[in-house]
Number of protein chains: 2
Amino acid sequence: MKALIVDDDRTLADLLAFTLRREGFEPHLAFDAPGAMKQFHKEPVDIVILDVNLSGGAGMENGFDICQAIRLESSVPIILLTVRDDEADIVKGLGLGADDYVHKPFSPRQLVARVNSLIRRSSMSTAPQEALYTCQDIQFDPNMREFVKGDQPPVLLTRLESRLLEYFMLNAGQVLPSENIIDNVWGPEGGSTEMLRQLVRRLRIKIEEDPQDPDWIKNLGGVGYGFNI
Amino acid sequence: MKALIVDDDRTLADLLAFTLRREGFEPHLAFDAPGAMKQFHKEPVDIVILDVNLSGGAGMENGFDICQAIRLESSVPIILLTVRDDEADIVKGLGLGADDYVHKPFSPRQLVARVNSLIRRSSMSTAPQEALYTCQDIQFDPNMREFVKGDQPPVLLTRLESRLLEYFMLNAGQVLPSENIIDNVWGPEGGSTEMLRQLVRRLRIKIEEDPQDPDWIKNLGGVGYGFNI
DNA sequence: GAATTCTGTCACAGAAATATCACAGGTCTG
DNA sequence: CAGACCTGTGATATTTCTGTGACAGAATTC
């Protein structure tokens, strides 16, 4: 998996490269718009991580230009990095073809979760029959409903457990309101918070090292659950 | 859930319709390319099941044309039906925007599984996250309900604290009458000045350097509170 | 048809969040 | 100066949320 990192802050770029390399990616770096496009043309990548606040070059909005340029040539997923909380920025970025955005400062863990999630999504449309979710050292095959952690023997999940985990992994690193989860597991009609609690409990028992102190499925009081936060 | 079935083999189309109807779908049938596009325009569907080997009409490759035409107009998931196991066919179909394919003969059960899987996927992708509030050296993520000051470790806020802070940061630099704040935190019905006082107190403890002499949340005698004044 | 697995429901306990009460000090006003 | 009012503070009830265990019917498998 090749990742193109575009950021004029070399420290941050290096940190990103380090993090992604540890996750098995092959990071390519660029520090300005020309460099980014050059790298991009040299070799196809699987994902682009783009800082919108590139200071060098033609202008403040350089990042958006790169986003647009890349999108015109390819459908590779693009993640924007931004410090600004300006709604307009986000809307603009998504309008120009970005697929997701992450605010600085971010935890490397969260970024990796987003990256994996996006790659999965983009690769699903081209290779539908072998959807396989991977996150750190766990792996999940929704077709077989088989969950594997590290080198431990695979665990079979039930139908509902599988749907819940798939939804979690597809939206890793985010807080998911209970209603959304319920809608996606049971559909808009069925389901209740009580059923969700029980399902989460059963899933935790199967995938967590210590269900009492879960690593993967965290609860956010009054809102819902989050995976890998 | 509406499904558009496009197949010139009426027996097979009926079987598909029967199967899907039993699964709770509302099947719409078309037997050739013009009929398919007409149906498609008449009413939006949730999934398209498309036989690539339509014999009638302009040519052998009719199915692909429909696939392309639909994909140009909509992102509705498309499943291709094919008897050929020719790799090239599959690649072509996926290249034209199909999301999955099933070989004939297939078990109705398998098809339904694929259909459900695709619908699930297409409806699962959650909209990317929302706002992040920044002010000087503090940052607040209302989604995670995480408050960060400088490089200190993040502080988790409760539901109400989060709503209050969000309202404050949204209206930073202004004097906010107590009634307005209460309306925004508890809604027009609930809430009282006493509850607001307590909430302000708890929030101050979490975000102020010195809660006794607050920097951020100031009180304006007899009126209400102001953030960052 | 029997056995097993899966799923929904209930009951309960501990924790967290929130509401309520009581009081002290300050400010303003008559 | 006395009293009303406002604000901050501490302590304490009450509610809500979450995890847990147990159990019965449904679904599935054998």
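Residue numbers start from 1 in every chain, and the chains themselves are labelled A, B, ... in the order their sequence lines are given, proteins ahead of strands.
A straight line from CZ of Arg159(B) to P of dC17(D) spans 7 Å, rounded to a whole angstrom. Distance Leu160(B) CG to dA16(C) P: 17 Å, rounded to the nearest Å. The interatomic distance linking Leu196(A) (CG) with dG19(D) (C1') rounds to 13 Å, in whole Å. In this structure, CD of Glu179(B) is placed 11 Å from P of dC6(D), rounded to the nearest angstrom. Met195(B) places its CE atom 17 Å from the P atom of dG8(D), with the value rounded to the nearest Å.
No engagement by Leu199(B) is indicated, since no non-hydrogen atom pair under 4.0 Å with the nucleic acid exists. Within the 4.0 angstrom heavy-atom criterion, base atoms lie near Arg202(A).
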Let me have the donor-acceptor pairs involving side chains of residues 219-229 of chain B, under 3.5 Å, with sequence neighbours excluded, atom names and distances please.
| from | atom 1 | to | atom 2 | distance (Å) |
| --- | --- | --- | --- | --- |
| Asn219(B) | OD1 | Gly221(B) | N | 3.4 |
| Asn219(B) | ND2 | Gly224(B) | O | 3.4 |

Solution key, residues 144-157 of chain A side-chain donor-acceptor pairs under 3.5 Å, sequence neighbours excluded:
| from | atom 1 | to | atom 2 | distance (Å) |
| --- | --- | --- | --- | --- |
| Arg145(A) | NE | Leu157(A) | O | 3.1 |
| Lys149(A) | NZ | Ile207(A) | O | 2.7 |

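Contacts classified as salt bridge (Lys or Arg N to Asp or Glu O under 4.0 Å) and involving residues 194-208 of chain A (residues at least two apart or in different chains) are given here: Glu161(A)-Lys206(A), Glu194(A)-Arg197(A).
Here CD of Glu166(A) is found 9.5 Å from CG of Asp141(A). Values are rounded to the nearest 0.5 Å.
Looking at Gln139(A) and Tyr133(A), their side chains never bring a donor and an acceptor atom within 3.5 Å of each other. Side chain to side chain, His41(B) and Gln39(B) fail the donor-acceptor criterion of an N or O pair below 3.5 Å.
A side-chain donor-acceptor contact under 3.5 Å links Arg163(A) to the backbone of Asn184(A). A donor-acceptor contact shorter than 3.5 Å is absent between the side chain of Asn171(A) and the backbone of Gln174(A). Using a distance-only test at 3.5 Å, with no hydrogens or angles considered, no donor-acceptor pair links the side chain of Ser162(A) to the main chain of Thr158(A).
Between Trp186(B) and dA19(C) there is a side-chain polar atom (N or O) within less than 4.0 angstrom of OP1 or OP2. Contact check, Thr158(B) against dT18(C): a side-chain N or O comes under 4.0 Å of OP1 or OP2. The phosphate of dG10(D) (OP1 or OP2) has a side-chain N or O of Arg201(B) nearer than 4.0 angstrom.
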Check nucleotides 10-12 of chain C for protein N or O atoms closer than 3.5 Å to its own N or O atoms and list the pairs.
| from | atom 1 | to | atom 2 | distance (Å) |
| --- | --- | --- | --- | --- |
| dC10(C) | N4 | Glu194(A) | OE2 | 2.9 |
| dC10(C) | N4 | Gln198(A) | NE2 | 3.4 |

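Counting heavy atoms of neighbouring residues, nucleotides and ligands inside a 6.0 Å radius, atom NZ of Lys38(B) does not exceed 12 of them.
Each end of the helix from dG1(C)-dC30(D) to dG30(C)-dC1(D) gets its own rotation axis from five pairs of C1' atoms, and the angle between them is 30° to the nearest 10 degrees.
In this structure, the side chains of Phe40(B) and Val76(B) come closer than 4.5 Å at one or more pairs of heavy atoms.
With hydrogens and angles ignored, no donor-acceptor pair closer than 3.5 Å exists between the side chain of Arg204(A) and the base of dG19(D).
Residues from residues 207-229 of chain B lying near DNA chain C, meaning a heavy-atom separation below 4.0 Å, are absent.
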